Trainee: 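Dropping a structure here in structure tokens format, bear with me for questions.
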Protein chains: 2
Amino acid sequence: MEYYKKDSDILLAIDCIIFGFNGESLEILLIKRDFEPERNKWSLMGGFVQSDEAPEAAAHRILKQLTGLENVYMEQCSVFGEPNREPNDRVVSICYFALIDTQKYKHILSDNYEAKWFPLQKYPKLIFDHDQMIASAQYRLRMKAALYPILFELLPEKFTIPQIAALYEGVYSIELDKRNFSRKLLSSGLIIKLQEKDKENSKKGAYYFKLNTAIYKEKIMSFLRYLPSWSLET
Amino acid sequence: MEYYKKDSDILLAIDCIIFGFNGESLEILLIKRDFEPERNKWSLMGGFVQSDEAPEAAAHRILKQLTGLENVYMEQCSVFGEPNREPNDRVVSICYFALIDTQKYKHILSDNYEAKWFPLQKYPKLIFDHDQMIASAQYRLRMKAALYPILFELLPEKFTIPQIAALYEGVYSIELDKRNFSRKLLSSGLIIKLQEKDKENSKKGAYYFKLNTAIYKEKIMSFLRYLPSWSLET
DNA sequence: AATAATTAGTGTCAAATAAACATTTATTTT
DNA sequence: AAAATAAATGTTTATTTGACACTAATTATT
């Protein structure tokens, strides 16, 4: 028994904006499309939602298929559905953004997949409205990261304070006073100092830190307690 | 020429979570469904995206058709698409939340439409996953309102400080110190004091204020400048 | 007519936080 | 041994917050 109507001529797709951080700048992962239309052009990771599949599941499946990446932080962002956003069919696409630690998955990516990292500042021309999708994802990332410490999802297990600073600077396109930044970060209790130092990136070497997962989870769950103070801005 | 496949068995729908503020508490606008399945049960405003229609346009059309409301603040929030979220068809629904000033539209609503306001704290049982949709919209409203002064969209042209305070208390389920709240709000430059007083709600009467639209637009556009200070929480 | 009750609006002050800036430390290069 | 580099810690002042007390305007009560 059909209540509505038999079929839709709208196809439902997924596109993934995959953010990575190489220790210096923010990057996105793009792929060379291997199907028509626009074959061989650069695009976001995409695919269709199957009829028995939840959009979240589709997003994870597509990411896995195209890049081999699994268990990454992923979040729904906006839907793009202008009637003529694709030339030949009516496709409405749900966007997801993913945050991944590029170090961890370097080997996976290089081997089997035609995916490539590009700086967020300078990536090739993309098909359809994928530029807008990236812009919208970036906006969402900024908004979310202003309230929650999710940017740590982009960092490896061990990271240095200069790295986090560079990450925040990249995400918000700002320059931070590293001294004040560092003090604030340390006082949050969010990170735990290790004995080991990173000697790769500087002469003196910077101490590694790891995430205090207990405090991280607490902070990522509730922003409410903080609200009264700045719910109205300055 | 078809590149993908002929048709999808996924139907694309819209549901609108409409928030209003009656001066005391937050409310949502619900409607008695007049079609199957689940006819005559309470639900969110919903409908289908037409094949030549952008989702945003569909959301506004549906809102207009079901309530007569036009030119309201509306924003995309999450997509619900579990395969079995509706019993008879595969329907994926894009949710929008709207913020409206209940005063302004009181007359429109009462006349022609079977829509009714319910307190966000206590509304009737809803169909499908509409409860989750409301919860998710509420979460998004809180998040957005923590960074931008969008809650003013819920207030009439003229409003009093006690009203705004009650609104923030409603949205975040908190109690505010009205004195500190008021000071902060005034120092933001966001509101302009009028000569007139609201004598309805208190003996002494509270001064009306109006929004400083210049500052409002500035604040609603960019939160970036504010970020460095609390990008890492307290 | 005086007093109590209610809610609005202003004021005070100490503690916490943020912003701006200076110095010291560890290491490598010359 | 000195210079260069980047990390880490320290200092000082201004601003913001949070907690609290008071005054002001009006209506209801006696």
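Since the structure is predicted, the reported quantities are computational estimates derived from the model, not experimental observations. Naming convention: chains lettered A, B, ... in sequence-line order (proteins, then strands); numbering from 1 in each chain.
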Trainee: Taking only the side-chain nitrogens and oxygens of A/K197, find out if one of them lies under 4.0 Å from OP1 or OP2 of D/dA8.
Mentor: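 No, outside the criterion.
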
Trainee: Round to a whole Å and report the spacing from NZ of A/K184 to C1' of D/dT15.
Mentor: 13 Å

Trainee: Quick one: label A/D177 by what it contacts on the DNA or RNA (base, sugar-phosphate, nothing), any heavy atom closer than 4.0 Å.
Mentor: base

Trainee: Using whole Å, what does the distance between atom P of nucleotide C/dT17 and atom CG of A/L185 come to?
Mentor: 15 Å

Trainee: Examine the side chains of A/S93 and A/D15 and answer whether a donor and an acceptor come within less than 3.5 Å of each other.
Mentor: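 There is such a pair (donor and acceptor under 3.5 Å, judged by atom type) between the side chains of A/S93 and A/D15.
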
Trainee: Specify the separation, in whole Å, of atom CG of B/D198 and atom C1' of C/dT7.
Mentor: 12 Å

Trainee: Nearest whole Å is fine: how far is C/dT10 P from B/L186 CG?
Mentor: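 That distance rounds to 7 Å.
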
Trainee: Looking just at side-chain N and O atoms, do A/E56 and A/Y96 make a donor-acceptor pair shorter than 3.5 Å?
Mentor: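 Yes, side-chain donor-acceptor contact under 3.5 Å.
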
Trainee: Please compare A/K203 and A/N180 by the position of their nearest nucleotide in DNA chain C and report the one closer to 5'.
Mentor: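 Upstream on the strand: A/N180.
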
Trainee: Which whole-number value in Å describes the distance from A/Y207 OH to D/dA6 P?
Mentor: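 A/Y207 atom OH is separated from D/dA6 atom P by 19 Å.
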
Trainee: How about A/K210: does its NZ atom have over 12 heavy atoms from other parts shown lying under 6.0 Å from it?
Mentor: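 Not more than 12 within 6.0 Å, no.
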
Trainee: So, is A/K199 close to the C/dT27 phosphate, meaning a side-chain N or O under 4.0 Å from OP1 or OP2?
Mentor: yes

Trainee: For the pair made of CZ in A/R179 and P in C/dT24, what is the distance, rounded to whole Å?
Mentor: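 My rounded result for the distance is 14 Å.
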
Trainee: Check for me whether B/K122 meets the cation-pi criterion with B/F118, that is, NZ or CZ under 6.0 Å from the six-membered ring centre and within 45 degrees of the ring axis.
Mentor: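 Pair B/K122/B/F118 does not count as cation-pi.
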
Trainee: Using whole Å, report how far CD of B/Q195 lies from P of D/dA25.
Mentor: 14 Å

Trainee: Specify the separation, in whole Å, of atom CD of A/E196 and atom P of D/dA7.
Mentor: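 That distance rounds to 16 Å.
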
Trainee: Let me know, please, whether A/R183 or A/K204 comes out on the 5' side of the other along DNA chain D by nearest nucleotide.
Mentor: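 Upstream on the strand: A/K204.
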
